[in-house]
J.: 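Quick one: structure below, then a few questions.
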Amino acid sequence: MEYIKKGFLIILAGLCIGVGVGVILYANVGGDTITVFQDGMHNVLSISYGQASLLYNAVLIVLALIFSKNNFGAGTIVTALITGLMIDISNNFLVSLNLELDFIMKLMVFFIGLSIYTFGLALLIKCKLGMNALDSLIYRLVDMIHIEYKWIRIVADLILTILGFIMGGVVGIGTLVSILCTGMMIDLFTKIGGKQNEKKPTHIS
């Protein structure tokens with residue numbers, strides 16, 4: 001029963017991350033930081049957003065295995081596989097609706113997407129199922145330099161945004177909001193229902 005529960009939470013986290021990114025892309029007011037980076041990969045390599053996500057996650061998974069094995073788990077791999085697929089499915093579905101959105105509505109859609117996205121990331125951290133690869137590396141840095149997760153996340157998001165922009169990723173007001181808010185929102189979600197220790201969570205056995 002415990003394995004079924006863990007499997008359900010891993011899949012739910014992956015669905016939330018992928019759908020969140022798909023909604024953010026649809027809002028078209030500037031992607032979240034990772035999406036900007038993956039958008040740059042999408043442009044440079046001429047691949048879909050989902051394929052760019054899979055490639056991005058594959059590289060970070062290798063880095064996480066090398067530098068942050070204690071934060072690595074089933075959730076790291078499963079969510080990486082689910083996320084890319086759900087980005088394409090959710091974004092294509094929303095585009096097919098042909099909705100006319102003004103700027104305020106686009107901002108609202110962006111915040112909905114960002115909330116879903118950060119909830120999915122926080123779920124992996126909170127439930128100790130194996131973090132996404134980026135967060136596993138960030139939590140490794142938390143242990144090494146003793147700076148709170150949210151501040152390291154802001155720096156990481158800024159670096160990803162700059163690199164993505166150089167590769168042609170779309171940057172907008174949503175990107176700025178994402179840089180400032182993603183780490184804070186993940187930190188908030190992980191503390192819902194109880195204080196989240198800044199020490200790295202262990203992976204599932």
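Any value given below was found using the heavy atoms of this structure, including those in side chains, with hydrogens, waters and symmetry copies removed.
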J.: Heavy atoms, side chains only, cut-off 4.5 Å: are L158 and T33 in contact?
T.: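 Contact flag for L158/T33 side chains = no.
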J.: Determine whether F119 and I192 fall in the same hydrophobic cluster, where Ile, Leu, Val, Met, Phe, Trp and Tyr are linked whenever their side-chain heavy atoms lie under 4.5 Å apart.
T.: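 Both belong to a single hydrophobic cluster.
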J.: With a 4.5 Å cut-off on side-chain heavy-atom distances among I, L, V, M, F, W and Y, is there a chain of contacts connecting L114 to I17?
T.: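 They do share one cluster, since a chain of ILVMFWY contacts under 4.5 Å joins L114 to I17.
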J.: In the single-linkage hydrophobic clustering (I, L, V, M, F, W, Y; side-chain heavy atoms under 4.5 Å), do W151 and L180 co-cluster?
T.: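 No.
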J.: Please confirm whether the backbone N or O of S136 pairs with a side-chain atom of N71, one donor and one acceptor, at under 3.5 Å?
T.: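 Looks like yes, one N/O pair under 3.5 Å.
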J.: Go through the steps to decide whether I125 and Y139 satisfy the test side-chain contact (heavy atoms from CB on, under 4.5 Å), and finish with yes or no.
T.: CA-CA 10 Å; I125 296 172; Y139 267 88; 3.7 Å; yes
J.: Are any side-chain N or O atoms of N92 and backbone N or O atoms of D88, one a donor and one an acceptor, separated by less than 3.5 Å?
T.: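 Between the backbone of D88 and the side chain of N92 there is a qualifying donor-acceptor contact (under 3.5 Å).
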J.: Determine yes or no for a side-chain-to-main-chain donor-acceptor pair under 3.5 angstrom, with H42 supplying the side chain and A52 the backbone.
T.: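 It does not hold such a pair.
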J.: Could you check whether K106 pairs with D102 (Lys NZ or Arg NE/NH1/NH2 to Asp/Glu carboxylate O, under 4.0 Å)?
T.: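 Judged by the 4.0 Å cut-off on N to carboxylate O distance, K106 and D102 do not form a salt bridge.
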J.: Counting neighbours of CE on M184 that are heavy atoms of other residues, nucleotides or ligands and sit closer than 6.0 Å, is the number greater than 12?
T.: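 Yes - once you tally the heavy atoms of other residues, nucleotides and ligands closer than 6.0 Å, there are more than 12.
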J.: Are any non-hydrogen side-chain atoms of F37 and M167 less than 4.5 angstrom apart?
T.: yes
J.: Could you walk me through whether I66 and F72 satisfy the side-chain contact (heavy atoms from CB on, under 4.5 Å) test, starting with their C-alpha distance in whole Å, then the side-chain angles of each, then the deciding distance to 0.1 Å, before giving a yes or no?
T.: CA-CA 10 Å; I66 296 173; F72 194 91; over 6 Å; no
J.: Rounded to the nearest 0.5 Å, what separation is found between the CG atom of D39 and the CD1 atom of I34?
T.: 13.5 Å
J.: Measuring only between side-chain heavy atoms, which start at C-beta, is N57 closer than 4.5 Å to I77?
T.: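 Of all side-chain heavy-atom pairs linking I77 with N57, none is under 4.5 Å.
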J.: With a 4.5 Å cut-off on side-chain heavy-atom distances among I, L, V, M, F, W and Y, is there a chain of contacts connecting L134 to M185?
T.: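 Yes; M185 is reachable from L134 via cluster members.
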J.: For the CG atom on L45, are there more than 12 heavy atoms of other groups (residues, nucleotides or ligands in this structure) within a distance under 6.0 Å?
T.: yes
J.: To the closest 0.5 Å, what do you measure between NZ (K126) and NZ (K191)?
T.: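 Output value for this atom pair is 10.0 Å.
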J.: I'd like to know if the side chain of T83 and the backbone of T79 have a donor-acceptor N/O pair within less than 3.5 Å.
T.: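 Yes; at least one donor-acceptor contact below 3.5 Å.
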J.: Is there a side-chain contact between L101 and Y26 (heavy atoms, below 4.5 Å)?
T.: yes
J.: Using a 4.5 Å cut-off on heavy atoms from C-beta on, say whether the side chain of L137 contacts that of L141.
T.: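 In short, these two side chains do not touch, never coming nearer than 4.5 Å.
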J.: If you compare all heavy atoms of S90 against all heavy atoms of V19, which two are closest, and at what distance to 0.1 Å?
T.: OG-CA, 3.7 Å
J.: Donor-acceptor pair, T76 side chain versus M131 backbone, under 3.5 Å?
T.: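 Here the side-chain-to-backbone pair exists.
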J.: Are I87 and Q38 close enough, and set up right, to give a side-chain contact (heavy atoms from CB on, under 4.5 Å), and what steps lead you there?
T.: CA-CA 11 Å; I87 290 173; Q38 292 174 354; 4.3 Å; yes
J.: Is S115 reaching over with its side chain to a backbone N or O of F111, donor-acceptor style, under 3.5 angstrom?
T.: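 Between the backbone of F111 and the side chain of S115 there is a qualifying donor-acceptor contact (under 3.5 Å).
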J.: Rounded to the nearest 0.5 Å, what separates atom CD in E148 from atom CD1 in I154?
T.: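 The CD1 atom of I154 is 10.5 Å from CD of E148, to the nearest 0.5 Å.
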J.: Taking C-beta and beyond as the side chain, do I11 and F8 meet within less than 4.5 Å on heavy atoms?
T.: no
J.: To check you understand the geometry: which heavy-atom pair defines the closest contact between A13 and G120, and what is its length?
T.: CB-O, 3.6 Å
J.: Measure the shortest side-chain to side-chain distance between V142 and I152 over non-hydrogen atoms and say whether it is less than 4.5 angstrom.
T.: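 V142 vs I152: side chains touch.
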J.: Which pair of non-hydrogen atoms, one from G22 and one from N91, has the smallest distance, and what is that distance?
T.: O-ND2, 3.3 Å
J.: Give, for atom CG of L54 and atom OG of S48, the distance between the pair rounded to the nearest 0.5 Å.
T.: 7.5 Å
J.: Could you state the interatomic distance from CD1 (I24) to OG (S178), rounded to the nearest 0.5 Å?
T.: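 Those atoms lie 6.5 Å apart.
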J.: Between I166 and L55, is there a shared hydrophobic cluster once you connect ILVMFWY residues whose side-chain heavy atoms come closer than 4.5 Å?
T.: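 Yes: a chain of side-chain contacts under 4.5 Å links I166 to L55.
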J.: Looking at every heavy atom in both N132 and L124, which two are closest together, and how far apart are they?
T.: N-CD1, 3.7 Å
J.: Within this structure, what is the SG-CG distance for the pair C16 and L9, rounded to the nearest 0.5 Å?
T.: 10.5 Å
J.: Less than 3.5 Å apart, any donor N or O on the side chain of D135 or Y149 sitting next to an acceptor on the other?
T.: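 On atom types as modelled, these side chains qualify, holding a pair under 3.5 Å.
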J.: So F110 and V23, do their side chains get closer than 4.5 Å, heavy atoms only?
T.: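 With C-beta onward as the side chain, the pair stays apart.
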J.: Is it true that a side-chain atom of D187 and a backbone atom of K150 form a donor plus acceptor pair closer than 3.5 Å?
T.: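 No, because the side chain of D187 does not come within donor-acceptor range (under 3.5 Å) of the backbone of K150.
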J.: Is there a side-chain contact (heavy atoms from CB on, under 4.5 Å) between I179 and R153 once you walk through the steps?
T.: CA-CA 8 Å; I179 292 172; R153 177 74 194 219; over 6 Å; no
